[in-house]
Amino acid sequence: QAFVSEFLIGSYALLERLSVWRIGRAVLRTLHVRKDSYRVSWDQIDLSDPQRPQIKCGVDELVRLT
């Protein structure tokens, strides 16, 4: 049985999911891509409309990926 404990959102989150964190981070810095990537726990996101998920808290309450 599998379950979702958190969601990763943002450009850095994609790199983490693809396991190319170090190389990708350097590329994004070179391209001046914004670092707005976050870790969102399962209870901080509203999936009632799966096509348009919404966070249920302020961005300041999310854990930033660094």
Side-chain angles (χ1 to χ4, degrees):
Q1 182 177 12
F3 62 92
V4 175
S5 61
E6 63 187 15
F7 297 88
L8 302 177
I9 57 175
S11 55
Y12 277 26
L14 175 63
L15 297 175
E16 187 168 297
R17 286 191 297 266
L18 296 175
S19 299
V20 291
W21 186 243
R22 285 190 174 146
I23 295 167
R25 191 171 56 185
V27 170
L28 290 179
R29 273 197 307 259
T30 302
L31 297 175
H32 303 290
V33 174
R34 290 175 40 185
K35 299 179 188 177
D36 296 343
S37 295
Y38 301 94
R39 187 177 310 274
V40 183
S41 69
W42 67 271
D43 61 341
Q44 291 177 310
I45 196 160
D46 176 10
L47 295 172
S48 58
D49 180 359
Q51 298 298 318
R52 299 185 64 91
Q54 302 284 321
I55 58 171
K56 299 191 290 187
C57 62
V59 175
D60 58 322
E61 296 177 55
L62 301 177
V63 176
R64 183 180 287 262
L65 295 176
T66 56

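Here the CZ-CD1 distance, from Arg39 to Ile9, works out to 11.5 Å after rounding to the nearest 0.5 Å. Interatomic distance, Leu8 CG to Ser37 OG, rounded to the nearest 0.5 Å: 8.5 Å. Atom CZ of Arg52 sits about 12.5 Å away from atom CG of Asp46, to the nearest 0.5 Å.
Contact of the Val63 side chain with the Tyr38 side chain is not registered, since no non-hydrogen atoms from C-beta on lie closer than 4.5 Å. Using a 4.5 Å cut-off on side-chain heavy atoms (C-beta onward), Ile55 and Val40 make contact. The closest side-chain heavy-atom distance from Leu62 to Gln44 is below 4.5 Å.
Phe7 and Trp42 get closest at one heavy-atom pair: CE1-CA, 4.2 Å. Across every non-hydrogen atom of Pro53 and Gln51, the tightest pair is CD-C, 3.6 Å.
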